[in-house]
Each structure stands twice: as structure tokens, then as C-alpha cells.
There are 2 protein chains.
Amino acid sequence: MADHASERPQQSGAAPILVASNRGPVSFRTEDDGSLTLRRGGGGLVSGLSAIDDPNAVWVCAALSDADRTAARQAPDGRLDRAGHDVGGQAVRMLDIDPETFARAYNGVANSTLWFVHHLLYQTPVQPAFDAGFRTEWAAYRAYNAAFAEALAAEAAPGAAVLVQDYHLSLAPALLRELRPDLRIGHFSHTPWAPPDYYRLLPDDVAAAVLEGILGADRAAFLTRRWALAFADCCEAVLGAQVDRDALTVTHGGRTTRLGVHGLGADAEFLRERAHRPDVDERLAALREAVGDRRTIVRVDRTELSKNIVRGLLAYRHLLRTRPEWLGNVVHIAFAYPSRTDLAEYRDYTAEVRRLAEEINTEFGTDDWQPLILHVNDDFPRSLAAYRLADVALVNPIRDGMNLVAKEVPVVSDRGCALVLSREAGAHAELADDAINVNPYDVIATAEALAEALAMPAAERTDRTKRLAAAATALPPQQWFLDQLHAL
Amino acid sequence: MADHASERPQQSGAAPILVASNRGPVSFRTEDDGSLTLRRGGGGLVSGLSAIDDPNAVWVCAALSDADRTAARQAPDGRLDRAGHDVGGQAVRMLDIDPETFARAYNGVANSTLWFVHHLLYQTPVQPAFDAGFRTEWAAYRAYNAAFAEALAAEAAPGAAVLVQDYHLSLAPALLRELRPDLRIGHFSHTPWAPPDYYRLLPDDVAAAVLEGILGADRAAFLTRRWALAFADCCEAVLGAQVDRDALTVTHGGRTTRLGVHGLGADAEFLRERAHRPDVDERLAALREAVGDRRTIVRVDRTELSKNIVRGLLAYRHLLRTRPEWLGNVVHIAFAYPSRTDLAEYRDYTAEVRRLAEEINTEFGTDDWQPLILHVNDDFPRSLAAYRLADVALVNPIRDGMNLVAKEVPVVSDRGCALVLSREAGAHAELADDAINVNPYDVIATAEALAEALAMPAAERTDRTKRLAAAATALPPQQWFLDQLHAL
């Protein structure tokens, strides 16, 4: 990259603020007639960036599909806004990365390696095995990160602020600094961070490159102090960096990177409005019809290996086996929508979830009581309806950067909802006082927590839910985004 | 246990020194005529304890089989020496623990849980799931540990020194202290120790009980400083104990436990003598016949999930694929003897090892060259013959308390042997300077290390082997044992 920079000096762009993330605020679909339709996405980042009232702000993202790539190619410099697309007020540069490179970087490195490392997901006796295939993927990941760095360098005004997002883009900060030392660069990790003993299973050069990539930022931020400190531990163990745990700084290679903590909260305003639209009311009525006057335990997750759906079902089964008073009197509503179905581990996991769900309904179901309602398709209004209805919310990931479900349920709950929360979720840092906290590996403890939650007196439930909602909305997305920007 | 102690005050025994371990120095077999035959075992502990010239020293161990249980029942108080068995100079008390309790404690808790935790072996998305079955196993583990504590309490003279061994007996020190506060109690962990983020997947009460059990000792010792510090980290994170990392002490509940480090070394005298007996010479001749004048890469392991045999084979395959100069010129001798075949994971792993070995021989084998010789039966003289013959020894565990193979090979090597060593083996702490060190998850780096080892000049190999042998034998078993005793 140094050579590259000296050969082709960068022209500064006009953007004073830039965001970079794998997934952008819009995506495209090819219609039958070959035309492209645009679809706007949601999420914390979209909401956060809307706080920026600057038409020159640029969001750099990757094309995720063939339709996206076509749109990116057709736009001048990939700038969708300049191609007349309505991208929502911000400028968007979508990168036309070739599909093989993208798949290797996104599936091979980001989702099958870095994600697994940070969530401690490997079956270590045989996984991972860093072989020649991984080396090809790693080269693609570097190319993907370099493409982002180059686009950011081209779009950024002198001294601009750049906010690079997540584990897909861990190399981009250092690559961008080489191209544009004038910029203020921030990186934000939305995942947990692994402890050194686990992190070091990455190939040595990869382990170092990821840390040094992020340390290329002026400020590296995390969802909780726990993950920030784990990152610092890795910098110390792998790079021999100097760490100041009180000041939250890491010094390596003559530069100091500040660490930051920003606990992304729920978007109360959006959720409360959205959760009371007719489509949600309609689904709420259908759920009420299905469960009758029974209590409900609700979980809503992507079918993600870290979300711990299987042990959640085992805990529910244990509850029914050991607390006969709940037979016929409770329904577990589990929404596990599809995720990463291109990875075999995820397909196997989904099959296991389905199998166990059937087992539970077979073991306990009666003519007029279905103990478990499992849906594996995505339906956002139905999720909101379940949030409103829930007597108990089960959020038991084995490890989670934050977990927004834990924060969203208390905000939209109709009558108060007891929250059973894994202590390994980042949200635990903020919600522990009013949640019922569990070790996610402990099926029996989880079952006992569910029983405690089901039996919680209504008044206590209401009080706790109020406090949970307050804690959950302490840092809404716009403020979360502005805080990062100001700290930079 | 407090109640128990007060109800039935212990009578002191006569033993001034006691050792407790799951496996004792002898085992029994039932012959066709119903009689019992005794077989003496080996290993570091047997060798270590032989340093004690005190007929009143007692070794307390568990009966591991029906034959053992019969022998234990037939002996007064389980004291095999008093039943006329020739147990090798020491007194041995063998505990007749009922087979179901034993299986639950040994397989369920020790080998399927604590071993998995300390070696980071779980497929975390679905394993472990601490359910009702585990609770039964945990109760058995407590009963098993209590049986040891009671037997030790009964045998120990006032103020005696008791050396409790390993993860099977993590509760025994605290249980014994309750019964006999007068004793000096040591505990030794032969495994690695997990980092807190992984250790805490144990149920909370179990995580605390294991730490507090070991902290019941006056001194808790480990094979390397790394594992001692990991234990201290867990005491701090789980118990809120006070840790002094320089003085190596842990203070909890008003008591301070000293931590110790004793890097068990190879028994040079025994190995050199044993490795030159006719049965070894015979096997050496057979191996030489099989490999001809080709170079050899040797590995010898139990077929243990942590030993990383699969990635070792993948590395060898990568070597053959990328370094054609070695085609026909090297043979990989892999001895993977059976272990824990009662656990499904181990049977699956063995099958994978066999499958991959066949694949490699099919891909590269020729009429006059078999690239890989895999034996899955145990044959100690053959292992020693392979040690003597090896040009390269591959010791690549993903995590290992020590790994004695890495220490034994340099001691008996005939012409010097290059050692490819995982940095996650405890032996790495002592052998890193003259080994070729690898990240065990990195198949390509391991293949490159093998290539480097194969190409190492003879003189360098000889020099390194000498230094490795010196480091490997710095603390032979007898001294290792005496050091612990004196430090206590």
C-alpha cells in the first residue's frame, strides 16, 4: 500500500464525515424486466447516520449481490446518489467488488473465521484448520479492505472523520492511514472480542494484522468495556503493545490508539411508533388467539450459532419436566429467522433447532395445548407483536457483542416483561440490575430463571421493565453515532 | 462435610507422606480361573514417589475396574499392601468406589467436562449443556472426591504432607482440610488451565467449587507459570479472590494458597536404558526396513482430541503437495494409540484420523513408497524405537499441560532429531529455544516447520538435540516430586 500511495497520490474528496461498513443503507433487486429496484435498510447505523445533516457525508459500502453490483457499476465512481437513486439524503458509494473476492472475504474470513474467534464458536479439535484455502480467503479479505480504504481516501475531504465499522473491515483503518495520514479514523467493533488464548488460534500474521489494522485508527471503540479490555489484552499478548487499562489506550509502533466504549441502545421513538402500526396489531391478535390466556416466553433471534437457541429449548423442556404447574399454562414462542444459510454449520444448527422443537411438542403437547410455537421465517411486525405480548423474554446467547432484542423488548412491552438475560451478552453490562441473569451454558439454571421469571409478581415486573427500558434507551442510535464522532 | 467431620471425628493414621491420584501404581486383572493378577504401572508419579524411602508413605487411588474393585474389597481398609500384594515398596490404599459413581465422576465430570474446559475442546454452540444428567455426574464427582478425602484423613499421621493429583481430585483438598486441618496439603494440576472467559462456562457453583476445592490446599502447583497464572485469573474473576502475580499467591476466604510451578521432566536414566533393550532394537530394525534410507517424521500420541493429529496429517499432506522434492523421500510414522474410546467424540476423531491417513496414502503412495505409516495400537517399545529413529518429531497439540513426548524424543534420539513443537504445549516454556515452534491451528505454518526441520543440517540438529535433552531432563520425576514435597 505504501508503494501504491506514492505512485498514485490521492486527490482529496469533499466528504467531511464518512462511514464505511460492509452492508450499506440500500440494496437492489433485479426485476423480471431487468430493471433495478432499490430497497432501504434499517438498523442502528442507518438511524445513527441520520443524525448527520450534511449532504457531503458519504457512506461507503459493498455491493452484496449481483443487482447491487450492477447498480454500483452503473453509478459514476459507484456513487449511487449521483446515479439518481434515492438513497435517503446521504451520499452512498457502493463498491463493485468481484463476487468471488467478496464471498471469500465475507464468508471465509469475516463470518467463518473472525466471527467464530470472537464468539468462541469453533469445534477446536478439528476447526479451524488454516490451510491453503484460507490463504486465498485472507488475500481476498485484504483486497476487500484495500478497496474500502481506497474509496474512503478518494471521498474524504482533508482532515475528514471516518467511522469504519466492524470485523469485516479490521484492516481498513491502517490501510487508510497509509493513504491519508491527515484523516481522523475511528473503528467500531459490534462483536465481542476474544480472550488472548482463543484469539491466538488465528495464524500469527493474521492475528497481528487484524490488531494492527484496527490500531491504525485514532480511536477503536467497542460496545462494552469488557470487549475493549479483551482487545487490549490481545494487543498486549500478540503485539507486545503497551496497554493502559485505566486510560484505555494502546501504544504500539510509536502510535497511541484510544479505546472507547459506546453501548448502542434501542431506538425508543422508532420502536414505539412501529410497534403500534396495524400490521403489528394484526399479528398480535393472531398470537393472542394462539396462546389464549397462557403465559408466554418469547425469544427472537437470527438462527446464529452464538444465540444459543438449542440450550434455550432444552431449558424450556427442563422447565416443563420439572414444574408440572406450567403444563398447559405456558407457551414458548420462538422466532428463529434464517441466517448465513450458505454455511453448513448454520444449516445443521437450524435442523437441530427444528428437531428439538418437534420433540418438545411431541413430549408435552395435548389436543388443546401446543407448548412451543417455532417460526423460522423473518417477519419483523410479528417479532414486534411478540415483544409486546411477552410475559418473559429469553435472551441467552453464549456470547454477544450487545444483543438489541434484550433492549427492545422492555421498550415495547405492553404489560411489562421479565427478562432472562445471559451474562455473556454485552447488554448485561447495562441491564443486569433488573434482568434475571443466567450462565448460558447452564440449562438447569436457565430453566430455573424461566420459572422465576414466570412467577414474578406483576408489580415487580412492571417496575423492572420500566427501569430496563430506561437503561436500554440511554444511548439511542443517533446519540451513539454522534458520541463516536465527537470523541474522534 | 462439616457435619460429617463433627459427627465422626477422625482417628489419625501413621502415614507422614501421602499421594492421592485417580490411577494408582498397580492394577488388577481377573484370570480365567477367577484369580487376580497384579500389574505394575509406570509414569512420572510412580517414578517420583519411588524417591520416598518411607514404608509408611501411602498412595491412595481408585479402583478402575471390576478386578480392581474385587482386590480393594478383599484388602483390609483397601490397603493392598496388607493383603499381601506386591505393590512396590509403598503402601497402597485402593478405594472401592461403586462403578456407576466412578463412571460419572471419571467420564462425566473429569474427562468430559473439566478436561474439555481446560483444553478448550468444546463445540460451544451445542456443547456443553449442563442438564439434569450433569447434576447426577457432579454429585458423583463430589462423592468420589469425598471418598478420597476420607481415606486420606484416615491414613494421615498428624501434620502429614498430602500430595493430591490432578483434575479428578479438585475438590479433595478442601474436603480434606475440613476433616484434618492439621495436614499440609498440596495439589498438582497436570493439565493446562482455562482462561476465565472459557472457564466460566462451567455452572457457577461448579466453577466456584473446583477453584475453592484446590484453594483448600496450602500449595497449588502447575506444570508451567502460564497455567498457574490462568488459575489465578480464574480465582480472581470467579471468586473475587486476591491475587499476587509476583509472589504467586491467591487469597480467598481468609486463607492464602501459594501457587507453585514444577515442570515435570523426562526420566533420562529410565528412558535410555529402556530404549536399548532387545525388544526396542527389534522394532527399530523393522521400522528401518520399512522406511529404507528415507527421512522420517515421527509422532506418538494418545488419540486425544487435544493432540491435534488431524491437523498434523493435513500439514504433512500440504508438505507433500507443495514440496515435491520430498515425494518418495520421507515417511511419516504416526502412532496414535487408543484413548477414551468410551466417549463418542474420541471414536469419531479416531475415524477421522484413519480416513485422512488413507487419503494421504492414496493421493501420494507409489508401488515402492508408502508416505504414511499409521498405527493405532499401543506398543511402548515400538514408540521408543520410533523416538530413536526420528529425523523430525512432530508435537503439535492445540493445548497440553506439558507433553512428555517432546521431552522424551531428544533424550533417546540416536542421531539427533529436529523438534517441531506447538507453542500451546507446556513443554514450550522450556524447549522453545531449540525447537521449531508452531501455531498448532496453522496447517501451512506447520507444513513449513516440517520442511525446515527436514532440511536442518545434521550438525545443527545434533547440537539442538543435546540442548533439548538437557532442558527436557532438568527436573526428572523424582526431583519433581521431592521439590513439591519440600516446598510444601
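Side-chain atoms are counted along with the backbone in the values below, which use heavy atoms only and exclude waters and symmetry mates.
For the set B:E345, B:K307, B:Q127, B:E304, the entry with the most heavy-atom pairs within less than 4.5 Å of chain A is B:Q127. Interface check for chain A: of the options B:V206, B:L120, B:V443, the most heavy-atom pairs under 4.5 Å are formed by B:V443. Note: A:N439 leads A:T446, A:N439, A:L305 in heavy-atom pairs under 4.5 Å with chain B. Considering only heavy-atom pairs separated by less than 4.5 Å from chain B, the leading option among A:V310, A:L202, A:L314, A:D204 is A:D204. In terms of heavy-atom pairs under 4.5 Å with chain A, the best-connected choice from B:L201, B:D131, B:I444 is B:L201. Comparing B:N308, B:V126, B:D197, B:L121 by how many heavy-atom pairs each has under 4.5 Å with chain A, the most go to B:D197. The greatest number of non-hydrogen atom pairs below 4.5 Å with chain B, out of A:E352, A:R311, A:Q123, is found for A:R311. For the set A:P195, A:A445, A:P203, A:P128, the entry with the most heavy-atom pairs within less than 4.5 Å of chain B is A:P128.
Of the possible polar contacts, none joining the A:N107 side chain to the A:L343 backbone as a donor-acceptor pair under 3.5 Å is found.
Residue B:A132 touches chain A through both its backbone and its side chain, counting heavy-atom pairs closer than 4.5 Å. With a 4.5 Å cut-off on non-hydrogen atoms, B:Y349 touches chain A through its side chain but not through its backbone. For chain A, the nearby part of B:I398 is the side chain; its heavy atoms alone come within less than 4.5 Å. Only the side chain of B:E424 comes within contact range of chain A, with at least one heavy atom under 4.5 Å from a heavy atom of that chain. B:I309 does not touch chain A: none of its heavy atoms, backbone or side chain, sits under 4.5 Å away.
The closest side-chain heavy-atom distance from B:P397 to B:S422 is below 4.5 Å. The side-chain heavy atoms of A:T124 and B:Y441, taken from C-beta on, include a pair separated by under 4.5 Å. In this structure the side chain of A:L327 reaches within 4.5 angstrom of the side chain of A:F364, judged on heavy atoms. Put simply, the side chain of A:T113 reaches to within 4.5 Å of the side chain of A:F130, judged on heavy atoms. Side-chain contact between B:L114 and B:Y199 is absent, with no heavy atoms from C-beta onward closer than 4.5 Å. Side-chain contact between A:R423 and B:R200: present, with at least one pair of heavy atoms (C-beta onward) separated by less than 4.5 Å.
A salt bridge links A:R355 with A:E359; the closest basic N to acidic carboxylate O contact falls under 4.0 Å.
When all heavy atoms are compared, the tightest approach of B:I360 to B:P371 is O-CG, 4.1 Å.
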